Amino acid sequence: DVCVEGESGLLSVVPDSCVAQWNRSTGELHFGNGSQCKIYSAEKPKELKGPQHHRAWCEELAKWRNPGDTWENLMLALRLGERPRCVVTTTPKPVGLLLDLASRPNVRITGGSTYANARNLAPSFLDEILRYEGSRLGEQEIHGRLLADYEGAAWRRDWLDRDRITATELPPLARV
């Protein structure tokens with residue numbers, strides 16, 4: 001709904017003359033130059049088994065119910081062309097897949113703030129969201145920062161990663 005038909009979706013930014021056909025029921029968008037977009041739902045990761053693509057756009061990855069399965073199937077479907085690419089647009093919440101992606105050397109992170117997008121937002125929304133300025137929620141929602149640790153948590157993620165040991169490093173257990 002939002003990515004294709006929304007106020008800032010593809011159909012609102014691509015000139016009508018470039019769109020050959022949009023079929024909402026099949027989730028297919030065809031352009032006059034032969035390019036095609038196929039819409040999938042993260043709620044149905046198995047639908048990504050079999051298709052093959054050059055590019056992918058993942059919206060709100062931090063809200064996916066099955067992030068691991070969906071991501072794995074999508075990566076297996078990105079197999080066409082010399083440099084298949086994927087872009088992720090999401091609220092930067094500290095979920096496992098997003099933290100994993102952020103740590104990979106081949107991943108580039110860009111960001112933006114609510115302030116940079118203020119002219120496109122309702123004044124009432126700005127009034128509400130800007131109340132969180134100076135808080136952790138404000139860092140995430142206003143400034144788009146990925147906060148890996150939860151406020152008040154007994155452990156920090158970097159402590160766990162620093163002190164992690166493998167099963168082969170453990171002494172043999174004589175009694176459990």
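In this chain, residues are counted from 1 in sequence order. Model, not experiment: these values are computed from the prediction. Below, each value reflects all heavy atoms present in this structure, side chains not excepted, and no hydrogens, waters or symmetry copies.
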| field | From CA spacing to verdict: side-chain contact (heavy atoms from CB on, under 4.5 Å), Leu74, Cys58 | value | CA-CA 10 Å; Leu74 175 62; Cys58 302; 3.3 Å; yes

Side-chain touch [X]/[Y], heavy atoms, less than 4.5 angstrom:
X      : Y      : answer
Leu98  : Thr90  : yes
Leu137 : Ile142 : no
Leu147 : Arg136 : yes
Trp57  : Cys86  : no
Glu43  : Arg65  : yes
Trp71  : Val88  : yes

Looking at [atom1] of [X] and [atom2] of [Y], how far apart are the two atoms once the value is rounded to the nearest 0.5 Å?
X      : Y      : atom1 : atom2 : answer
Leu76  : Gln52  : CG    : CD    : 12.0 Å
Leu99  : Arg104 : CG    : CZ    : 11.5 Å
Ser113 : His143 : OG    : NE2   : 6.5 Å
Leu61  : Thr89  : CG    : OG1   : 9.0 Å
Leu11  : Cys3   : CG    : SG    : 11.0 Å

| field | Gln21 vs Glu28, side-chain contact (heavy atoms from CB on, under 4.5 Å): CA-CA, chis, key distance, verdict | value | CA-CA 8 Å; Gln21 180 184 12; Glu28 295 178 4; over 6 Å; no

Would you please name every residue forming a side-chain contact (heavy atoms from CB on, under 4.5 Å) with [X], sequence neighbours left out?
X     : value
Thr91 : Glu60, Lys93, Gln140, Glu141
Arg24 : Asp1, Glu5, Trp22
Pro67 : Trp64, Leu97

Are [X] and [Y] linked, directly or through other ILVMFWY residues, by side chains that come within less than 4.5 angstrom of each other?
X      : Y      : result
Val87  : Val14  : yes
Val4   : Val13  : yes
Tyr132 : Leu121 : yes

| query | Between the main-chain N or O of Thr26 and the side-chain N or O of Asn23, is there a donor-acceptor pair closer than 3.5 Å? | reply |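 Side chain of Asn23 to backbone of Thr26, a donor-acceptor pair under 3.5 Å: yes, one is there.
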
| query | Arg145 side chain to Gly138 main-chain N or O, any donor-acceptor pair under 3.5 Å? | reply | no

Please list, one pair per line, the donor and acceptor atoms closer than 3.5 Å that link side chains of residues 123-130 to other protein atoms, with sequence neighbours excluded.
from: Glu128; atom 1: OE2; to: Arg131; atom 2: NE; distance (Å): 3.4
from: Glu128; atom 1: OE2; to: Arg131; atom 2: NH2; distance (Å): 3.2

| Which heavy-atom pair separates Asn73 from Pro45 by the least distance, and what is that distance? |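 Asn73 and Pro45 have their closest heavy atoms at ND2-O, 2.9 Å.
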
| request: For Ala42 and Thr70, work out which heavy atoms get closest and say how close. | output: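 Of all heavy-atom pairs spanning Ala42 and Thr70, the closest is O-OG1, 3.2 Å.
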
| side-chain hydrogen bond (donor to acceptor under 3.5 Å, both in side chains) partners for Ser17, two or more places apart | none

| Do other residues, nucleotides or ligands put more than 12 heavy atoms under 6.0 Å from the CG atom of Asp16? |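 Atom CG in Asp16 is not crowded, with 12 or fewer foreign heavy atoms closer than 6.0 Å.
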
| request: Step through the shown structure and confirm whether more than 12 heavy atoms of other residues, nucleotides or ligands are within 6.0 Å of NZ on Lys38. | output: yes

| request: Classify the ring geometry between Tyr40 and His53 as parallel (under 30°), tilted (30 to 60°) or perpendicular (over 60°). | output: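 Perpendicular, since the angle between the ring planes exceeds 60°.
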
| Please walk me through it: do Gln36 and Leu29 pass side-chain contact (heavy atoms from CB on, under 4.5 Å)? | CA-CA 6 Å; Gln36 299 175 21; Leu29 177 59; over 6 Å; no

| task | Only counting residues at least two apart or in another chain, list the ones meeting ring-ring contact (aromatic ring centres under 6.0 Å, His included) with His54. | result | none

